[in-house]
Amino acid sequence: MQNNQRYLVTAALPYANNHLHIGHIAGAYLPPDIYVRYMRMKGEDVIFICGSDEHGTAIEMAAIQEGIQPREIIDRYHFSNKKAFEDLRIDFDIYSRTSNEVHHKTAQEFFLNLHEKGILFTKSEKQLYSEKEKRFLADRFVTGTCPNCGYENARGDECENCGSNLSPLELINPRSKITGDTPVVKESTHFHFPLDKYQEKLEEWLKSKNGWKQNVMNYIKGWMKTGLKERAITRDLEWGVKVPLEGYDGKVLYVWFDAPIGYISATKELFELRGDADGWKRYWLDNDTKLIHFIGKDNIVFHTIIFPAMLMAHGGFILPENVPANEFLNIGGQKQSKSRGTGILVKDIVAKFSADSVRYALAASLPENRDSEFSWEDLQARNNNELAAILGNFVNRTVVFAKNKFGNKIADRTESTPESEDLFRYVSSQAELTGKLIEEFRIKDALSEAMNVARAANKYFNDTEPWKLIKTDKEKCGSIINDCLRVCFSLAVIFRPFIPGASDKILGILGIDTASITWKDASNPAIPAGAELGENMILFPLIEDEEIKPAEKQKEEVTSSAEDKTEDGLITIDDFRKVQFKVAEVLECEKVENSRKLLKLRLKVGDKEKQIVSGISEYYKPEELIGRLIIVVDNLKPSKLMGIESHGMLLAAKSGKELKLVTVDGNIAPGAEVN
RNA sequence: GCCGGGAUAGCUCAGCUGGUUAGAGCGUCGGAAUCAUAAUCCGUAGGUCGGGGGUUCAAGUCCCUCUCCCGGUACCA
């Protein structure tokens with residue numbers, strides 16, 4: 001057989017600033033794992049590549065906020081996510097990371113290749129620069145007042161309040177999110193990639209692609225219609241792949257440029273580990289290789305437009321054969337979101353349920369055509385009503401029967417019946433159908449067809465009634481049980497891509513070596529009559545209601561606590577409303593004796609008076625404050641400072657050694673609400 | 001605002017270029033069976049395919065419009 005075909009399968013590189021949730025798994029990792037397992041059993045030459053995407057602003061910012069090095073952030077999530085994949089038995093040939101030396105080198109070479117060809121061009125742009133930190137501030141590092149609605153904490157890229165898109169330069173009174181200082185406008189020069197020049201070539205290439213999913217094509221059309229635009233491929237940032245040219249200190253490759261190159265670097269690394277340093281070329285530079293990117297829909301542009309354009313520009317590389325992007329998996333109608341901290345994390349779900357159960361439940365509701373829903377009840381129902389009741393039960397009833405009636409040995413098959421032949425014809429055609437569906441990336445349908453085999457198997461058991469036959473015709477009964485055991489083998493093969501754990505167990509019971517299993521075994525399940533069966537076991541323990549309920553509660557807790565403290569420090573309007581700010585007039589003010597910086601203030605808030613203690617005597621003298629209107633938090637839980645009760649706190653802005661009271665712009669009655 | 005996507009049985013979803021009584025799984029209800037993790041098998045009920053209008057011999061499927069949800073993207077004060 002002269003099949004030179006090779007497959008290079010990639011799964012989106014997870015960004016190493018958060019833990020993976022099951023939406024990621026359903027979108028971009030479980031489908032390729034199933035696909036790859038199947039293709040391997042079919043005897044195809046496949047490599048399966050993934051790794052952590054570890055550069056970019058968000059990681060640098062997270063590090064600054066936590067006061068640690070980016071390295072610590074990426075290590076935390078790289079290893080956590082690597083383990084999450086292992087726990088779910090998602091078996092990459094390599095799970096690499098873009099902080100690796102081989103990646104930096106590969107990305108730099110790629111950049112230089114384009115640069116030397118004169119494809120890239122430079123352009124200078126005005127950007128905000130922090131003198132204090134000696135660095136340019138990325139959009140997300142800046143906050144300020146929105147020029148449209150006046151919201152004071154608008155982000156550099158958009159205003160959360162009115163939804164307008166902003167550039168940091170538009171912000172009124174911009175501040176660094178890190179130090180709070182005011183940045184200045186400064187020119188910065190960046191390399192750009194002329195994506196617009198590749199539009200025609202891309203469109204032509206895409207035209208030749210049939211069999212791509214409709215949703216993917218729709219996204220592409222949208223982008224093409226608006227017209228592609230040049231894109232900056234460098235940034236002013238510390239954390240990333242350095243621009244490998246003189247005079248570009250402090251600049252790194254933009255993360256979207258370096259990340260997809262990670263697929264190439266990871267492949268290089270894989271073959272280095274295999275002692276075949278040039279092996280990666282067979283996969284990336286050879287037209288006999290089919291490159292398949294599994295991703296979520298948020299990544300479609302990068303994998304169908306930007307990265308292919310980069311590969312075209314570089315030359316020599318193959319372009320993707322298909323990009324079967326999935327939609328999103330929601331939970332209770334709610335989007336799972338890293339940045340909002342909602343969603344069910346892999347590490348939490350595998351702590352509680354088996355990889356097989358989770359894989360099955362997710363595979364059964366993959367968001368292949370549109371966003372889909374996942375719930376804990378779903379997981380329970382899938383496990384109990386399908387895995388346990390249909391598949392698990394069939395294997396169990398067969399094995400138990402063989403054990404009780406045939407001395408735990410594989411009975412002889414002495415005769416064949418039309419029913420038996422029908423059954424195996426069906427098994428064989430279902431195996432073919434399941435495989436075909438997997439190859440078409442219709443994993444959900446494939447799984448459903450696989451389960452139909454187990455249904456047919458149960459029906460065969462029911463219809464042939466071996467429990468009756470054993471009393472009248474043990475030989476014929478033995479043939480039936482032999483059939484059933486062989487179907488168990490077929491089931492182990494057909495289900496193997498989806499639930500490898502259970503497949504191993506079934507094959508273990510049957511005493512079959514798992515190493516040499518091929519897809520063809522599903523149609524030709526050969527088991528040695530007379531051989532002793534291994535120890536039976538329950539493949540899928542039932543999931544009780546109690547196991548689901550705490551999980552639900554847990555989920556709610558996660559969600560609600562996440563609302564209070566989200567990744568980028570955002571709160572909801574409801575959170576804000578909890579705090580009652582009021583205008584207060586300072587009636588009396590005196591220094592607290594023996595304290596270094598405490599002042600005791602007597603305030604008039606509406607028609608009541610209250611006392612607060614505040615640590616501002618280093619900045620304000622008591623007499624300066626009397627008569628002034630200030631802003632206080634009115635509903636703060638009272639506390640004692642140096643034995644003196646304080647019933648609130650005043651607001652003041654602090655920067656370095658400066659502190660200024662927050663006041664109101666003009667006269668207003670004390671007690672007025674601030675919002 | 002503009003562009004795109006979605007709205008199909010109680011639930012989760014399939015329905016390609018328009019064509020017989022709109023499908024599957026789960027759940028419901030009834031029956032058979034009792035080897036098996038009270039697990040199986042057979043059957044039943046259940047939908048004016050988001051609302052309205054149109055094209056057609058024929059529309060869930062095409063066109064228009066409206067409502068709601070989700071993405072993307074532009075701008076005004």
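In what follows, chains are A, B, ... by sequence order, proteins preceding strands, each numbered from 1.
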inquiry  = Just checking A:Tyr35 against A:Phe294, ring centres under 6.0 Å apart?
reply    =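 Yes, the ring centres sit under 6.0 Å apart.
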Interatomic distance, [X] [atom1] vs [N] [atom2] [rounded to whole Å]:
| X | N | atom1 | atom2 | value |
| --- | --- | --- | --- | --- |
| A:Glu544 | B:A38 | CD | C1' | 12 Å |
| A:Asn396 | B:C35 | CG | P | 14 Å |
| A:Ile543 | B:U37 | CD1 | P | 18 Å |
| A:Phe302 | B:G72 | CZ | P | 12 Å |
| A:Glu327 | B:A7 | CD | C1' | 15 Å |
| A:Glu440 | B:C16 | CD | P | 15 Å |
| A:Glu386 | B:G25 | CD | P | 10 Å |

Heavy atoms under 4.0 Å, any strand shown: does [X] hit a base, just sugar-phosphate, or nothing?
| X | result |
| --- | --- |
| A:Gly392 | base |
| A:Tyr219 | sugar-phosphate |
| A:Phe328 | nothing |
| A:Ser372 | sugar-phosphate |

inquiry  = I'd like to know if A:Asp504 pairs up with A:Arg496 as an ion pair, taking the criterion as any Lys NZ or Arg NE/NH1/NH2 lying under 4.0 Å from an Asp or Glu carboxylate oxygen.
reply    = yes
ask   = If you measure from the Lys or Arg side-chain nitrogens to the Asp or Glu carboxylate oxygens, is any gap between A:Asp371 and A:Lys297 under 4.0 Å?
value = yes
inquiry  = Give me the distance, rounded to whole Å, that separates B:G27 from B:U40 when you measure between the P atoms they each carry.
reply    =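 After rounding to an integer number of Å, I get 8 Å for this pair.
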request  = Pick the C1' atom in B:G60 and in B:A7, then give their distance to the nearest Å.
outcome  = 12 Å
ask   = Does the ring of A:Phe401 lie flat against the base of B:C35, closer than 5.5 Å centre to centre with planes under 30°?
value =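 Aromatic stack with B:C35 absent for A:Phe401.
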N/O donor-acceptor pairs under 3.5 Å from side chains in residues 438-457 of chain A, not counting sequence neighbours:
unit_1, atom_1, unit_2, atom_2, d
A:Glu439, OE2, A:Tyr38, OH, 2.8
A:Glu439, OE2, A:Lys42, NZ, 3.0
A:Glu440, OE1, A:Arg442, NH1, 3.3
A:Arg442, NE, A:Asp445, OD2, 3.2
A:Arg442, NH2, A:Asp445, OD2, 3.0
A:Lys444, NZ, A:Leu366, O, 3.1
A:Glu449, OE1, A:Gln430, NE2, 2.9
A:Glu449, OE1, A:Asn452, ND2, 3.1
A:Asn452, OD1, A:Arg455, NH1, 3.0

message = Whether the side chain of A:Asn458 engages the backbone of A:Ile390 through a donor-acceptor N/O pair (distance < 3.5 Å, no angle test) should be reported.
response = yes
key: Whether A:His303 and A:Phe307 hold their rings parallel, tilted or perpendicular, with breakpoints at 30° and 60°   = perpendicular
request  = Decide yes or no, distance alone: a donor-acceptor N/O pair under 3.5 angstrom between the base of B:U12 and the side-chain of A:Arg370.
outcome  =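 Checked by distance alone, the answer is no.
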message = Tell me whether the side-chain N or O atoms of A:Asn462 pair up with the base of B:U40 as donor and acceptor below 3.5 Å, since no angle test is needed here.
response = yes
ask   = Honestly, is A:Arg486 close enough over A:Phe424, meaning NZ or CZ under 6.0 Å from the six-membered ring centre and within 45° of the axis?
value = yes
query = Cation-pi between A:Arg235 and A:Tyr254: NZ/CZ under 6.0 Å from ring centre and within 45° of the ring axis?
reply =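 Because its charged atom sits under 6.0 Å from the ring centre and within 45° of the axis, A:Arg235 does stack over A:Tyr254.
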inquiry  = Go through it in stages, so that I can follow the logic: the residues are A:Asp33 and A:Arg359, the test is salt bridge (Lys or Arg N to Asp or Glu O under 4.0 Å), and I'd like the CA-CA distance, side-chain angles, deciding distance and then a yes or no.
reply    = CA-CA 10 Å; A:Asp33 186 68; A:Arg359 287 173 66 106; 2.7 Å; yes
ask   = OP1 or OP2 of B:C35 sitting under 4.0 Å from any side-chain N/O of A:Asn404?
value =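 Checking A:Asn404 against B:C35: no side-chain N or O falls below 4.0 Å of OP1 or OP2.
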task = Look at A:Asn385 and B:G27 and indicate whether a side-chain polar atom (N or O) is within less than 4.0 Å of OP1 or OP2.
result = yes
ask   = Would a 4.5 Å heavy-atom cut-off, applied to side chains only, mark A:Ile233 and A:His190 as touching?
value = no
query = Which of residues 468-506 of chain A sit near RNA chain B, with a heavy atom under 4.0 Å from it?
reply = A:Lys468
inquiry  = Are there runs of at least three consecutive Watson-Crick or G-U pairs touching RNA chain B, with each pair's two distances under 3.5 angstrom? Give them by first number.
reply    = B:1-7 with B:67-73, B:10-13 with B:23-26, B:29-32 with B:40-43, B:50-54 with B:62-66
